[in-house]
Amino acid sequence: MPHFLSRLFALGFLGLASTATAATLDGLAVDVTNTSEPVLCAEKDNVAINFASPEVKHFQIEAVHPAYLGSLRQDRWEPDWTACEDISAETSAKPHPTMSTLYEDGELRIMGLSFTEFWRPSDVTVTIGDKVTPKIHLLQLLKKRGDKAAEVLVIYPGDGYWRIKPLPPEHLDWTSYGSSFLVGPVEFDQRPVVNLKDVAFDPKSMTFTLTLAKGGKASVVVKALNEERMTLDVSLDQAVSGLPFAGLRSMYVTEFNADVARIAVREEKARSWREEPIMTFQGGKATDAWMGRLVPSRHNTSAPDMMFNRFRAQPGASR
């Protein structure tokens, strides 16, 4: 395939080209709260941003490459155990998981990983097409490009944690994950979790269907995937009352050692964004929330920024 055609294919996957991130100028304003706590250890998720509204049945989540990625020539993703008093490389080491291919076609590969132990009991089943597989602790989605397959999404069915990232740009073979997020009623069990009964994926429509333990279902559609961003369209069949309907988890130690360092929110009817350091953010009511980095970090340097927006009271695809 000619070079310009392969690049055009990557940018146009799912029929959507990349556009600059901006305020949506519509949608519901939701409560954005910050329950982050300071730490010295870079391997602990101490950042917690929560999204709550008793009305929301639809929203969008995007992962976008950081603004500095074009100038990045060296990535860093190795764990940093400095000042980690109660955990280490040795205590965090786990036996290699059992890996199996759950689905594969010319475009995608779905991998299922099973660990000998998981941090909490889980009997969540994973359904790919019409194939049901129990005891999957980690589900990986890889997008094929030529003779390579780029991992772009993972979900842990046992606690409801997701990570996503765009396709890597041409000058980098690989980019790292950073922040995690939760979709569905966010409860607390040692840490924030979403309890699931079943995770199903339809490769043809690129749709995940989550059966929630508290009742109802959530649909998560891969709406766009290219070399700039990955966009998920989320619909809930019933609004979440009394708990956050989504949350972001990440890590911050210092500006130069963080997976997320800044937050920007567009508050209801505001004509500008409010921008703050992530750890001092006092919350707000916003239609859009961006969380990311403006300068490179020594931890997961290429990890994407995250955007939550297009909050609506009716399920269904956004414009």
Side-chain angles (χ1 to χ4, degrees), residues 7-19 21 24 57-65 101-113 126-131 136 138-146 148-157 160-169 174-184 194 196 198-212 217-237 245-246 248 303-312 315-319:
R7 181 169 176 80
L8 180 63
F9 174 79
L11 290 173
F13 178 62
L14 297 182
L16 292 170
S18 173
T19 57
T21 300
T24 56
K57 292 184 179 179
H58 174 267
F59 58 101
Q60 184 172 277
I61 301 173
E62 281 191 330
V64 183
H65 286 311
T101 301
L102 303 182
Y103 176 86
E104 187 164 12
D105 61 21
E107 302 289 336
L108 303 172
R109 181 185 303 144
I110 309 295
M111 300 295 298
L113 280 66
V126 169
T127 305
I128 308 295
D130 57 1
K131 180 182 179 181
I136 296 295
L138 175 61
L139 196 63
Q140 298 175 321
L141 171 64
L142 296 89
K143 174 69 177 74
K144 294 182 179 181
R145 292 198 299 177
K148 296 182 179 180
E151 184 183 319
V152 293
L153 178 152
V154 296
I155 176 174
Y156 291 82
Y161 275 70
W162 300 67
R163 285 179 174 173
I164 60 174
K165 58 183 179 178
L167 293 168
W174 181 88
T175 57
S176 60
Y177 288 114
S179 301
S180 304
F181 61 88
L182 296 155
V183 171
V194 170
L196 304 172
D198 181 75
V199 175
F201 180 66
D202 177 9
K204 303 304 179 185
S205 63
M206 297 292 287
T207 300
F208 290 88
T209 301
L210 313 179
T211 303
L212 306 169
K217 293 189 177 184
S219 171
V220 181
V221 182
V222 180
K223 180 183 175 183
L225 173 59
N226 52 51
E227 292 178 353
E228 174 68 17
R229 69 188 64 245
M230 183 174 189
T231 307
L232 301 182
D233 207 74
V234 183
S235 295
L236 304 170
D237 66 358
F245 62 80
L248 177 130
D305 301 342
M306 300 296 298
M307 174 75 84
F308 288 67
N309 58 13
R310 300 192 183 277
F311 306 111
R312 288 171 169 74
S318 63
R319 295 194 300 271

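A quick note: this is a predicted structure, and the numbers were derived from the prediction, not measured.
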Test salt bridge (Lys or Arg N to Asp or Glu O under 4.0 Å) applied to R163 - qualifying residues, sequence neighbours left out: none
Sub-4.5 Å side-chain heavy-atom contact between D305 and E62: no
Heavy-atom check, side chain of T127 versus side chain of D198, under 4.5 Å: yes
Sequence-distant partners of K217, salt bridge (Lys or Arg N to Asp or Glu O under 4.0 Å), two or more places apart: none
Spacing of L138 atom CG and I155 atom CD1 [to the nearest 0.5 Å]: 9.5 Å
For Y161, ring pair (Phe, Tyr, Trp, His ring centres under 6.0 Å) partners two or more places apart: none
Identified side-chain contact (heavy atoms from CB on, under 4.5 Å) counterpart of M206 within the set L232, L225, L141, V220: L141
D233 vs H58, side chain to side chain donor-acceptor pair (under 3.5 Å): CA-CA, chis, key distance, verdict: CA-CA 8 Å; D233 207 74; H58 174 267; 2.9 Å; yes
Student check: side-chain heavy atoms of V126 and P157 closer than 4.5 Å: yes
Flag side-chain contact, heavy atom, 4.5 Å: V234 against Q60: no
Minimum heavy-atom distance T101-K131, with the two atoms named: O-NZ, 4.3 Å
T207 OG1 to F201 CZ distance, which is reported to the nearest 0.5 Å: 7.5 Å
CG-NZ distance between L108 and K204, expressed to the nearest 0.5 angstrom: 8.5 Å
Sub-4.5 Å side-chain heavy-atom contact between L153 and Q140: no
Ion pair K144/E107, N-O distance below 4.0 Å: no
Side chain to side chain contact (heavy atoms under 4.5 Å, CB included) between K57 and F245, worked out: CA-CA 9 Å; K57 292 184 179 179; F245 62 80; over 6 Å; no
Beyond-backbone contact of L236 with S219, side-chain heavy atoms, under 4.5 angstrom: no
Reported CG-to-CD1 distance for the pair L113 and I136, which is rounded to 0.5 angstrom: 7.5 Å
V64 and M307: CA distance, side-chain angles, deciding distance, side chain to side chain contact (heavy atoms under 4.5 Å, CB included) verdict: CA-CA 8 Å; V64 183; M307 174 75 84; 5.5 Å; no
Under 3.5 Å: donor-acceptor pair, side chain of Y156, backbone of L139: no
Pair E227 + R145, salt bridge at N-O below 4.0 Å: yes
Heavy-atom closest pair, residues F308 and A246: CE2-CB, 4.3 Å
Face-on cation placement of K165 at W174 ring, 6.0 Å and 45° thresholds: yes
Taking every non-hydrogen atom, the tightest pair across A218 and V183: CB-CG1, 4.4 Å
Contact summary for P203 and I128, nearest pair of heavy atoms: CG-CG2, 4.3 Å
Nearest-0.5 Å distance that lies between atom CG in L196 and atom OG1 in T211: 8.5 Å
Parallel, tilted or perpendicular: ring planes of F181 versus W162, cut at 30 and 60 degrees: parallel
Main-chain N/O of P168 paired with H65 side-chain donor or acceptor, under 3.5 Å: no
Side chains of V152 and P166 in contact at under 4.5 Å (non-hydrogen atoms): no
Distance, nearest 0.5 Å, that separates CG of D237 from CG of L212: 7.5 Å
K143 backbone acceptor or donor facing K148 side chain under 3.5 Å: no
Non-hydrogen side-chain atoms of T209 and V199 separated by less than 4.5 Å: no
